[in-house]
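This report refers to the structure that appears directly beneath it.
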Amino acid sequence: MIKLHDKYFKPFISGKEIDDAIQRLATEIAKDIGDEIPVFVGILNGSFMVVSDFVKKYPKPCEVTFIKLASYEGVKSTEDIQRLIGLTQDLTGRTVVILEDIIDTGNTLHEVHRIFKNEAVKSLKIATLFYKPEAYKKDFKLHYVGIEIPNKFIVGYGLDYNGLGRNLTDIYKIKETQHMTNLVLFGPPGAGKGTQADFLKEKYNLVHISTGDVFRFNIKNETALGMLAKSYMDKGELVPDQVTIDMLNAEVEKNADANGFIFDGFPRTNAQADALDKLMDSKDSQINAMIALEVEDEILVERLLSRGKTSGRADDADESIIRNRIAEYYSKTAILKDFYSEQKKYFGVNGVGSIEEITERLSAVIDNL
Ligand code: IMP
Ligand code: MG
């Protein structure tokens, strides 16, 4: 992954794939043009790499020139195309091939056609290395297309984000969501998860998603998903993972600009961990770590019993219930420890000590991710 200005980009198309596509274009175009000497017209700035590599692969004599147009601001194409350098030579009677790095909305291409309308060229063909069919809004024929790509912002190989990225030899795609620190917080009852989650979310500007809270919120507000979940609960059945995932998805989408998330109470099974990975992946994101607070059973029992004296929570008052909850935690979560260990994402943190000490231990893990 790379960062240009404020945005993250991830590898998308390799230099090798680009090279192959340009080779195909050169071969195909040379075959169509035959023995005539074409003039290749690159559209600056973006096309300088394409033109350079293309003409090196072009198997016959050719001429090269450039015009310079500008349309992009940041990551958005604008209608207002500026003509910075126009045609500087007479192309009457010539076979002209426009070489573009990328065709997006087609606004730039429209301007190219306007420039050539009054030139009595013999033929005008359009070739582009990249093409975004979903973004294209014009009717002009594209004669040669290297690689079709989805309607996502890319950089590299001549293409820039506010000036940066043109020099990269591979193509990178923008990360749709920029959240960088996504944690699954784990710990047996009484380990201090809630307390620590509150500190971490402040310190790292994360959104805390507690599955229990999300369920209660959806049911209380009678959202469609809440009602669906309730219908299973009323029958005494487990809520299917997909319903929970859909609720989490809604939470993640609500916070698209977040720095990251702390998942608390989810996943609890391998299937759920898989589903969570898929959810994050669909958001161009990932779980970075599962952090488990480790506390000995005897200390947990002690903590919970003393909490029960003040909180009035019935399940904190009875020692055998407490021991059962702890045992259940270990029997269920051992599998998840394996799941995340395999991905080298499991971090056990000693949960015994002062609140500050534990926060420091957690921060050390997060800062190292
Ligand atoms: P169009 O006028 O919308 O077709 O856009 C064409 C111009 O916008 C290209 O020549 C590029 O300079 C720029 N552009 C379009 N899409 C991208 C992209 O994904 N990354 C970087 N520049 C782009
Ligand atoms: Mg361009």
Side-chain angles (χ1 to χ4, degrees), residues 1-15 17-18 21-22 25 29 39-55 64-87 96-117 124-178 284:
M1 193 157 36
I2 55 164
K3 189 176 187 195
L4 302 174
H5 298 296
D6 56 329
K7 301 219 184 302
Y8 290 91
F9 295 83
K10 55 181 193 178
F12 181 39
I13 299 170
S14 70
E17 289 169 86
I18 295 170
I22 292 183
L25 287 174
I29 293 172
V39 184
F40 293 116
V41 181
I43 313 296
L44 290 175
N45 288 331
S47 74
F48 71 98
M49 286 238 191
V50 185
V51 174
S52 167
D53 285 340
F54 177 90
V55 295
V64 187
T65 187
F66 289 94
I67 55 184
K68 178 161 171 149
L69 305 174
S71 72
Y72 247 66
E73 268 168 32
V75 297
K76 280 216 169 58
S77 187
T78 64
E79 296 259 343
D80 176 31
I81 312 286
Q82 296 180 50
R83 206 180 292 183
L84 304 172
I85 302 174
L87 276 175
V96 174
V97 181
I98 301 296
L99 288 182
E100 261 288 27
D101 45 343
I102 189 163
I103 292 181
D104 182 14
T105 60
N107 289 332
T108 307
L109 189 57
H110 192 173
E111 186 63 20
V112 167
H113 279 280
R114 210 174 295 157
I115 291 174
F116 277 89
K117 211 173 72 192
L124 179 69
K125 297 277 164 62
I126 310 298
T128 184
L129 175 58
F130 298 113
Y131 170 48
K132 298 179 184 170
E134 295 153 30
Y136 192 55
K137 290 186 305 213
K138 308 282 180 193
D139 291 325
F140 307 112
K141 184 173 164 61
L142 308 181
H143 302 84
Y144 306 100
V145 172
I147 301 175
E148 287 193 4
I149 60 168
N151 192 8
K152 298 284 152 66
F153 190 76
I154 59 173
V155 292
Y157 200 73
L159 296 163
D160 71 308
Y161 167 51
N162 279 350
L164 293 181
R166 294 195 196 277
N167 56 324
L168 302 166
T169 51
D170 299 321
I171 291 287
Y172 292 76
K173 188 168 79 166
I174 196 163
K175 254 169 84 53
E176 305 270 293
T177 45
Q178 302 287 318
D284 261 355

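No experiment lies behind these values; they were computed from the predicted model shown. Numbering of ligands and ligand atoms starts at 1, following listing order.
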Ile103, any N or O under 3.5 Å of ligand 1 N or O: no
Residue selection (non-hydrogen contact nearest [atom]) among [options]:
{"atom": "atom 20 (N) of ligand 1", "options": "Leu44, Leu159, Val155, Ile154", "value": "Ile154"}
{"atom": "atom 7 (C) of ligand 1", "options": "Ile81, Thr108, Val112, Ile149", "value": "Thr108"}
{"atom": "atom 18 (C) of ligand 1", "options": "Tyr136, Phe130, Tyr172, Phe153", "value": "Phe153"}

Heavy atom of Ile102, distance to ligand 1 below 4.0 Å: yes
4.0 Å heavy-atom contact, Gly106 with ligand 1: yes
Do the side chain of [X] and the main chain of [Y] share a donor and acceptor less than 3.5 angstrom apart?
{"X": "Asp170", "Y": "Gly15", "answer": "yes"}
{"X": "Ser14", "Y": "Glu17", "answer": "yes"}
{"X": "His5", "Y": "Asn162", "answer": "yes"}

Suppose I only count heavy atoms of [X] and a 4.0 Å limit; which atoms of ligand 1 are within that range?
{"X": "Lys132", "answer": "16 (N), 17 (C), 18 (C), 19 (O)"}
{"X": "Asp101", "answer": "10 (O)"}
{"X": "Asn107", "answer": "1 (P), 2 (O), 4 (O)"}
{"X": "Asp160", "answer": "21 (C)"}
{"X": "Glu100", "answer": "10 (O)"}
{"X": "Lys152", "answer": "19 (O)"}

Side chains of Phe116 and Ile98 in contact at under 4.5 Å (non-hydrogen atoms): yes
pair Asp101-Met49: side-chain heavy atoms closer than 4.5 Å: no
Thr128 versus Ile103, closest heavy-atom pair with distance: OG1-N, 3.5 Å
For residues 141-152, run the donor-acceptor check on the side chains, cut-off 3.5 Å, and write out each pair with its distance to 0.1 Å, sequence neighbours left out.
from   : atom 1 : to     : atom 2 : distance (Å)
His143 : ND1    : Ile126 : N      : 2.9
Tyr144 : OH     : Asp32  : OD2    : 2.6

Pairs meeting criterion salt bridge (Lys or Arg N to Asp or Glu O under 4.0 Å) with involvement of residues 42-51, two or more places apart: none
